[in-house]
Amino acid sequence: MVVDKINIASPLCCVLPMYDSKHSSYATEEDSNDLNHATKHKRANAMLMNSASAHDLRCLQVEKEKQDPESPRGTIEACLNRCSISSSEDPPQNKEAIENADADVGCKNHRASSNWGKFFKLWKRRSVKRLSSFPPLSCAPVISKRNKNADPNVDDLNLHDIYDFQSSLHSFSINDLEIATDYFNPENIIGRGGYAEVYQGILPEGKLIAVKRLTKGTPDEQTAEFLSELGIIAHVDHPNTAKFIGCCTESGMYLVFRLSPLGSLGTLLHGPSKDKLTWSRRYKVALGTADGLMYLHEGCQRRIIHRDIKADNILLTEDFQPQICDFGLAKWLPKQLTHHNVSKFEGTFGYFAPEYFMHGIVDEKTDVFSFGVLLLELITGHAALDESQQSLVLWARPLLEKKEIKQLVDPSLGGEYDRDELNRLTSTASLCIEQSSLLRPRMSQVVELLSGQQGFVVTPREEKRKMMQRTYSEELLDSIEYNSTRHLRDLDHIREVALAS
Ligand SMILES: Nc1ncnc2c1ncn2[C@@H]1O[C@H](COP(=O)(O)OP(=O)(O)OP(=O)(O)O)[C@@H](O)[C@H]1O
């Protein structure tokens with residue numbers, strides 16, 4: 001479909017220099033690998049001043065990414081190429097070209113690759129399926145009487161693709177989504193973020209969905225945000241990541257996910273249904289989230305840094321299986337890059353690692369810090385920042401150091417917890433929130449620590465240091481040992497920025 005292609009292709013080339021689009025920071029992103037560490041931050045600032053050269057660099061980077069079939073941009077480009085080839089009349093001599101374009105997608109994640117292919121094909125032949133009926137599910141969203149007139153006999157080929165979420169992505173029409181959500185009835189809103197409203201809905205065959213409708217910003221910004229998240233989630237496939245079903249670009253930008261019936265961990269932990277979060281469920285959430293994050297960091301084709309790990313971005317299935325969602329800020333780091341630099345702070349206060357705030361450094365260890373804050377939330381039941389903007393990390397750290405664990409535990413648990421599991425969670429949390437990223441474990445080590453397989457918690461600091469592989473942020477911070485005064489000053493600074501923004 002020509003309109004779709006224009007919508008997608010143009011921001012790819014002009015509006016969105018990188019798939020990391022929630023940020024306007026791309027013009028200052030520091031991707032050069034051979035730069036001296038000490039000059040990197042200065043260089044980023046200099047690039048800010050010189051937008052022309054930054055733009056040139058980004059253009060070069062964009063071109064490079066387009067050639068790289070494993071990058072989100074490369075994948076989209078390949079699919080778009082394939083679409084333009086196949087949208088012509090597909091004469092026999094073009095068949096080979098189509099096959100080559102298929103191969104060019106080159107994503108080693110087979111499912112993702114075929115999903116993209118299917119997605120773009122479906123996008124071109126938009127489904128106009130109307131819903132036929134709504135099963136009387138107790139948890140079903142509000143459905144308008146307008147749906148009564150839906151024709152049960154109307155069908156088209158594309159409907160079959162909806163039936164199997166596991167193996168296909170679907171291009172929804174706006175009509176599909178309107179009917180599923182009762183015309184975006186406000187009663188069906190189940191979540192609001194900084195960028196989107198999320199509606200619950202139901203598909204004709206009874207599948208419950210969550211429709212993320214991008215609401216913030218200009219159409220170009222929404223397209224950029226949409227492509228950013230799409231470029232990552234379409235490649236992600238793990239039991240502990242949100243299940244992406246498809247999307248819609250008609251009358252706005254929409255991402256469609258399988259509904260997580262319990263909503264987010266944040267809503268549960270800091271809402272009236274907190275009692276549902278028994279200790280064993282909290283422990284399960286900690287383990288599952290660690291697994292999901294390990295997969296993003298170490299199990300994907302490239303390292304994915306989520307950049308916004310927090311309780312509100314952990315969805316829960318009916319059996320309390322956690323699923324990491326909201327990949328709008330996520331960064332897909334090429335292998336050769338030790339880290340990524342940003343100059344605009346995005347994410348959530350209370351979860352920022354010090355090196356991110358101080359130097360704009362993004363790598364796996366910044367996610368590990370946020371995960372440590374999440375563990376503290378699970379243990380204590382406190383929010384990362386309370387109403388008076390007090391930091392959970394600052395409150396909990398002295399108690400962790402003095403091993404006053406009982407004082408940390410959420411009183412609403414009524415003393416019902418497993419001592420060993422609690423010890424594992426607290427000792428892992430204190431490692432994850434180390435000021436120096438060097439002392440934080442990698443997610444694979446976190447998984448071992450949480451499940452009681454690794455014993456390095458008890459080894460001396462120097463030993464731990466040797467056991468962990470260094471990243472750029474580790475090297476930098478190794479030379480800047482934060483003391484508590486410095487840390488407090490940082491936090492004051494963070495607060496100032498937060499209040500000013
Ligand atoms: N699949 C889902 N099932 C159930 N609830 C969901 C689902 N996806 C999102 N939500 C709810 O909607 C909220 C907002 O979603 P999301 O974090 O994706 O939006 P956002 O605008 O990108 O948020 P942020 O401001 O954190 O960037 C979540 O915290 C959650 O409560």
Side-chain angles (χ1 to χ4, degrees), residues 20-24 139-141 165 170 172 177 180-181 184 186-203 207-217 221-233 236 238-247 252-273 277 285 289 292 305-331 344-352 367 370 373-374 377 383-385 498 501:
D20 176 20
S21 62
K22 226 179 222 186
H23 338 114
S24 56
C139 53
F165 291 159
H170 187 73
F172 291 93
L177 299 185
T181 60
F184 295 97
E187 285 180 45
N188 282 331
I189 292 183
I190 50 169
R192 276 198 178 92
Y195 296 85
E197 282 169 351
V198 181
Y199 294 77
Q200 62 177 336
I202 188 166
L203 293 178
K207 294 268 186 203
L208 294 171
I209 57 172
V211 181
K212 183 168 172 175
R213 177 196 215 175
L214 301 189
T215 48
K216 198 186 145 190
E221 283 165 349
Q222 284 179 14
T223 307
E225 155 77 15
F226 172 81
L227 287 175
S228 168
E229 191 154 1
L230 192 61
I232 300 276
I233 49 176
V236 166
H238 187 271
N240 297 113
T241 56
K243 296 288 158 279
F244 180 55
I245 298 170
C247 56
M253 299 279 165
Y254 307 85
L255 295 163
V256 182
F257 296 86
R258 187 180 291 175
L259 184 80
S260 295
L262 295 178
S264 77
L265 173 64
T267 327
L268 221 52
L269 195 56
H270 308 302
S273 309
L277 281 170
V285 170
T289 308
I305 316 300
H306 184 279
R307 297 187 56 207
D308 203 11
I309 291 294
K310 60 177 177 179
D312 285 340
N313 286 341
I314 307 299
L315 301 173
L316 298 172
T317 64
E318 51 287 291
D319 60 346
F320 291 84
Q321 191 65 247
Q323 294 183 323
I324 299 170
C325 74
D326 192 2
F327 289 83
L329 277 185
K331 244 354 257 178
K344 184 179 176 192
F345 291 98
E346 289 174 299
T348 307
F349 285 103
Y351 295 87
F352 285 154
D367 274 353
S370 310
V373 181
L374 184 80
E377 277 187 272
L385 279 187
S501 62

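Counting starts at 1 for both ligands and their atoms, following the listed order.
- Checked for salt-bridge contact, Asp326 and Lys310 miss the test: no charged N lies under 4.0 Å from a carboxylate O.
- When the options Leu208, Leu265, Asp326, Ile314 are ranked by their closest heavy atom to atom 24 (P) of ligand 1, first place goes to Asp326.
- Counting heavy atoms closer than 4.0 Å to ligand 1, residue Leu329 contributes nothing at all.
- Take Tyr199 and apply the ring pair (Phe, Tyr, Trp, His ring centres under 6.0 Å) test, not counting sequence neighbours, and it matches Phe184.
- Heavy-atom distances between Gln200 and ligand 1 stay at or above 4.0 Å for every pair.
- Close N/O approach between Asp312 and ligand 1 is found [any backbone or side-chain N/O within under 3.5 Å].
- Between Ile324 and Ile314, some side-chain heavy-atom pair lies under the 4.5 Å cut-off.
- Some N or O of Lys212 is nearer than 3.5 Å to an N or O of ligand 1, by distance alone.
- Selection from Leu315, Thr215, Leu255, Leu262 by nearest heavy atom to atom 30 (C) of ligand 1 gives Leu315.
- The Asp308 neighbourhood of ligand 1 comprises atoms 26 (O), with distances under 4.0 Å to a heavy atom of that residue.
- Residue Arg258 places at least one N or O, backbone or side chain, under 3.5 Å from an N or O of ligand 1.
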Test side-chain hydrogen bond (donor to acceptor under 3.5 Å, both in side chains) on Glu377 and Tyr351; report intermediate values, then the result. CA-CA 11 Å; Glu377 277 187 272; Tyr351 295 87; 2.4 Å; yes
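- Looking at heavy atoms from C-beta onward, Thr241 lies in side-chain contact with Phe327 at the 4.5 angstrom threshold.
- Interatomic distance, Asp367 CG to Lys331 NZ, rounded to the nearest 0.5 Å: 13.0 Å.
- The side-chain heavy atoms of Gln321 and Asn240, taken from C-beta on, include a pair separated by under 4.5 Å.
- Remark: ligand 1 atoms within the under-4.0 Å shell around heavy atoms of Phe257 are 1 (N).
- Taking 4.0 Å as the cut-off, Lys310 counts as a neighbour of ligand 1 on heavy-atom distance.
- In the vicinity of Ala210, heavy-atom distances shorter than 4.0 Å reach the ligand 1 atoms 1 (N), 2 (C), 3 (N), 7 (C).
- Between Lys216 and Glu225 there is no salt bridge, since no side-chain nitrogen of the basic residue lies less than 4.0 Å from a carboxylate oxygen of the acidic one.
- Among the atoms of Glu229, none of the N or O lies under 3.5 angstrom from an N or O of ligand 1.
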